[in-house]
Amino acid sequence: MLGADRTITIFNRYIDADRKERWAGTVIKGVSWQYSHAAKTNKEGMQASETCTIRIPVGADTQGKDFVSRRSFLQNQIGMWTVSPKDKIVLGEIWSAPDDDTLPTWLEKNCDAVITVNAVSDNRGNFQGTFLGKLLPHIRIGGF
């Protein structure tokens with residue numbers, strides 16, 4: 001995939017056996033990251049708008065982890081990764097972040113480019129989707 005030369009870290013939120021919030025991180029290399037910052041004018045004046053689109057091609061380096069559904073991930077996080085609304089994604093490699101409920105605050109304080117996922121499209125094999133998915137199988141993520 002053209003422009004798939006970036007590295008991201010996805011943090012998947014889950015609840016552990018003790019009913020505590022946890023975050024599992026996965027570094028993925030070979031992705032496309034497109035960030036847009038704009039301003040809109042409305043009745044209240046100007047409003048800033050930020051969006052990010054990430055595409056993870058089938059051949060991206062996921063540390064040998066398999067992409068699975070959210071349901072499968074919640075049952076077993078070992079060797080798996082997923083992406084769902086409210087997950088966090090950082091541009092770059094993050095290896096030493098906390099894995100508890102302090103992660104979102106830690107990311108905002110220590111990382112320049114952090115997004116919260118708000119949309120996911122699996123365009124890897126279900127070719128009823130977009131034209132781009134047919135040519136270049138990938139997972140498309142939207143965030144802000």
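Since we're looking at a predicted model, the values are computed, not measured.
When hydrophobic residues (I, L, V, M, F, W, Y) are linked wherever their side-chain heavy atoms come within less than 4.5 Å, the members clustered with Val27 are Trp95.
Separating the OG1 atom in Thr7 from the CD1 atom in Ile94 is a distance of 11.0 Å, to the nearest 0.5 Å. With rounding to the nearest 0.5 angstrom, the OG atom of Ser84 is 9.5 Å from the CD1 atom of Ile141. The NE2 atom of His138 sits 9.0 Å away from the OG atom of Ser32 when rounded to the nearest 0.5 Å. Between the CG atom of Asp100 and the CG atom of Asp16 there is a distance of 10.0 Å, given to the nearest 0.5 Å. Between the CG atom in Asn12 and the CD1 atom in Ile89 there is a gap of 8.5 Å [rounded to 0.5 Å]. In this structure, CD on Gln63 lies 8.0 Å from NZ on Lys29, to the nearest 0.5 angstrom.
Applying the side-chain hydrogen bond (donor to acceptor under 3.5 Å, both in side chains) rule to pairs touching residues 67-78 yields Ser69-Ser72, sequence neighbours excluded. Pairs engaging residues 53-75 under the ring pair (Phe, Tyr, Trp, His ring centres under 6.0 Å) rule: Phe67-Trp81 [sequence neighbours left out].
Side-chain heavy atoms closer than 4.5 Å link hydrophobic residues (I, L, V, M, F, W, Y) into clusters, and following such links, possibly through other members, connects Val83 to Tyr35. Placement of Leu91 and Ile56 within a single hydrophobic cluster is found when ILVMFWY residues are connected by side-chain heavy-atom separations under 4.5 Å, directly or transitively. Residues Ile139 and Val117 fall within the same hydrophobic cluster, defined by Ile, Leu, Val, Met, Phe, Trp and Tyr side chains chained together at heavy-atom separations under 4.5 Å.
With hydrogens and angles ignored, the 3.5 Å screen pairs no side-chain donor or acceptor of Thr116 with any backbone N or O of Lys86. The main-chain N or O of Val68 is found under 3.5 Å from a side-chain atom of Thr82 such that the two form a donor-acceptor pair.
The nearest pair of heavy atoms linking Trp33 to Val90 is CZ3-C, 4.3 Å. Taking each heavy atom of Leu74 and Tyr14 in turn, the nearest pair found is CD2-CB, 3.7 Å. When all heavy atoms of Pro57 and Val31 are compared, the closest pair comes out as CD-CA, 4.2 Å. Between Met80 and Thr26, the shortest heavy-atom contact is O-OG1, 4.3 Å. In terms of heavy atoms, Gly143 sits closest to Asn118 at N-OD1, 3.4 Å. Of all non-hydrogen atoms in Asp87 and Arg13, the two that sit nearest each other are OD1-N, 3.2 Å.
In this structure the side chain of Ile54 reaches within 4.5 angstrom of the side chain of Ile115, judged on heavy atoms.
With salt bridges taken as basic N to acidic carboxylate O contacts below 4.0 Å, one links Asp122 and Arg124.
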* Working for side chain to side chain contact (heavy atoms under 4.5 Å, CB included), residues Arg140 and Thr53 -> CA-CA 7 Å; Arg140 183 186 182 279; Thr53 302; 3.7 Å; yes
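For Thr51, the side chain to side chain donor-acceptor pair (under 3.5 Å) criterion is met by no residue, not counting sequence neighbours. Applying the salt bridge (charged side-chain N to carboxylate O under 4.0 Å, His left out) rule to Asp99 yields the partners Arg22; only residues at least two apart in sequence or on another chain are considered.
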Tabulate below the donor-acceptor pairs under 3.5 Å that side-chain atoms of residues 104-114 make, not counting sequence neighbours, or state none.
{"unit_1": "Asn110", "atom_1": "ND2", "unit_2": "Trp106", "atom_2": "O", "d": "2.8"}

